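Note that these values count all heavy atoms, side chains included, but never hydrogens, waters or copies made by symmetry. This one's a predicted model, so the numbers in the text were calculated from it and none came from an experiment.
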Amino acid sequence: MKIREFVKQHPLFISFTLIFICIFPVILLRGATPSNELRYLSIVDEAIQNGNLFTFTNHGIPYADKPPLYFWLLIICRQLFGAHVIPILTLFSLIPAFVIIWIMDKWTGIKSTFSRIAMALMLGTTGLFLGISVFLRMDMLMCMFIVLALYSFYIWYEDDKMRERQLIPADSRPKGKIQKWLFPFWIFMALFTKGPVGLLVPPLSILIFLLLKHEGKKVGKYLGWRTWGVILGCSSLWLLGVYIEGGNEYLNNLVVHQTVDRAVNAFHHNKPFWYYFTAIWYVTLPYCLLCIGTFIASMVSKKRKKSDKELLFQVVIASTILMLSCFSSKLTIYLAPIFPFLVYLFALVEHRIGWKKWMSWTLGIPSFLLFATGIGVLVCTSSPKLLTLLTEYIPPYPFIQSSMIKFGALLLIVGNVTAILWLIKGKAGIRSICMIATSILLTIYSVSYLFPQINIFTTYGPLCERVPENTEVATLYVHRPENMDVYLGREIVDYKKDPEQFLEQEIRHRTAADGPLSLIILTDKVNENSELADFLNTLDRSYCGQYVIYTYTPENK
């Protein structure tokens, strides 16, 4: 009885505990990925070495892509712990994710304990949202500030509306008073975390919301001098620091090149206008059909009056997607701000119109696909002959036949079979959401213990551990190797895909005075150049994942 009462009083605690326990091994065991995480750590090391706070460089090249807040957090941790502790740094993604869920739960005001648990688990296991909860990126932090900004606006707006209707005493303490100042502060913090998206999403959503409510005259009240004054004041202090530290060139790079140029004529990630209309289907798996179906139902359903809350959620989703589609630079992760509203819109719509048969289908189809995926993984990992046939599509990783993968697949099968049976029997669909989400989390928990083996193929930590000390390091056919300096403590010479230049610079003219050299090269590329292959065959080597390390001492030439 006490347990039931505790669950009723603390449903989010139950959800957060389950999520944390299941992804904790991932947080604890995984290494930093080369593409962005390792680069951020390298930038932080360089900032500490140079004593910079507002302007950053990556191996001497100005890095004005991101504002400083997230880097400050990484710098503080680096100074406190004396090293980059990945589990600690991951908390800057996971804690904001939990804060977002807590705000959305409070905002939507769901009464049912089971529904609150289900919605928390649903958002927590939504494709990309789950991914950026455990990766070292500033997107979840920005998303949290955007949600806080819109929540502050809504409290302010509702307080004003209640006073206009004289539903609360005029002399009572106004809830919106503090929100008038918090609202622009949260917007600035979103801008200060990731950039222009954090600045644009809340004002655009609020503008459209007020216009749809035929309250255009109130735009100046919520988006007036106070709001823009706070944002401009804080931004001026930041940009002044940038100018003092980096000069006009860095300031121009930050304000113009990284904002206007990306929006109008992207130099990276240039995608067509319709990109997000296709991407949204896979970044919101496995709830894409349910969430997008709910969004459509919210737009067309006339059953009972739609709340301001539901309208605002609709506007945030639609306006953000349309705005991002107009920008030239596009990445799926830019959709992060809409995930909380897309998932919790379902809670509002389901409360307004009730559970419909189409909802069971939109939940059942992806659940069946998860079940089929579990069956496929279980069959493939249990048959060496079948794996041999699939090597063209599935690399022969040594951990692929691990019992933990098979157990994870079994959990996925059992969980989704149960969810499908509940949907067929017409039991509460909310229960099925809980079962699908739990099966995903338990599967992650099972597979996560393989990360020490997976890291060999996805990170550079294990590779760098095998590089001999006191050698210069060169790379060939290695993806973004320059940030290996985080592990090695020394700079890397990257010859990209040019073995001829490597031979010319490092072998033909290298002398004993230059000292020993370690070459890291993709194993599949060793034999592409015959002269290089003949030379490397005479050297000692060490294999790690898809790479091989050769050590060359000029005296032995």
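- No donor-acceptor pair closer than 3.5 Å links the side chain of Thr320 to the backbone N or O of Val201.
- Put simply, the side chain of Val316 does not reach to within 4.5 Å of the side chain of Leu204, judged on heavy atoms.
- A salt bridge does not link Lys218 to Asp160: none of the charged side-chain nitrogens sits closer than 4.0 Å to a carboxylate oxygen.
- Counting only N and O atoms by type, the side chains of Tyr275 and Thr332 include no donor and acceptor under 3.5 Å apart.
- In this structure, the side chains of Lys213 and Asp308 come closer than 4.5 Å at one or more pairs of heavy atoms.
- Residues Arg30 and Glu37 are paired through a salt bridge, judged by an N-O separation under 4.0 Å between the basic side chain and the carboxylate.
- Other residues, nucleotides and ligands place more than 12 heavy atoms under 6.0 Å from the CZ atom of Phe277.
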- Message: The test is ring-ring contact (aromatic ring centres under 6.0 Å, His included); show your working for Phe192 and Trp72 and say whether it passes.
- Response: CA-CA 11 Å; Phe192 200 49; Trp72 287 357; 5.4 Å; yes
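- Note that OG of Ser42 and NE2 of His84 are 8.0 Å apart. Values are rounded to the nearest 0.5 Å.
- At a cut-off of 3.5 Å, with distance as the only test, a side-chain donor of Trp186 or Ser152 sits close to an acceptor on the other residue.
- Using a 4.5 Å heavy-atom threshold, the side chains of Leu345 and Phe295 count as touching.
- Taking CD1 of Ile21 as the start and CG of Leu441 as the end, the distance is 10.5 Å to the nearest 0.5 Å.
- The shortest distance between side-chain heavy atoms of Ile433 and Leu290 falls below 4.5 Å.
- Put simply, the side chain of Tyr445 does not reach to within 4.5 Å of the side chain of Ile23, judged on heavy atoms.
- With values rounded to the nearest 0.5 angstrom, Phe24 atom CZ is found 8.5 Å from Leu29 atom CG.
- Side-chain contact between Tyr70 and Leu136 is present, with at least one heavy-atom pair separated by less than 4.5 Å.
- Of the N and O atoms on the side chains of Ser360 and Trp355, at least one donor lies less than 3.5 Å from an acceptor on the other residue.
- Put simply, the side chain of Thr126 gets close to the backbone of Met122: a donor and an acceptor are under 3.5 Å apart.
- To the nearest 0.5 Å, atoms OG1 (Thr443) and CE (Met404) are separated by 11.0 Å.
- Here the CE atom belonging to Met359 is positioned 4.0 Å from the CD1 atom belonging to Ile353, to the nearest 0.5 angstrom.
- A donor and an acceptor atom, one from each side chain of Glu465 and Tyr460, are nowhere located under 3.5 Å apart.
- Among Ile231, Ile178, Val230, Leu223, the one residue that satisfies the side chain to side chain contact (heavy atoms under 4.5 Å, CB included) test with Phe183 is Leu223.
- A donor-acceptor contact closer than 3.5 angstrom links the side chains of Ser35 and His479.
- For the atom pair Cys434 SG and Leu121 CG, the distance stands at 5.5 Å (nearest 0.5 Å).
- Between the side chain of Ser93 and the backbone N or O of Val134 there is no donor-acceptor pair closer than 3.5 Å.
- Remark: the Gln314 side chain and the Ser298 side chain contain an N/O donor-acceptor pair separated by less than 3.5 Å.
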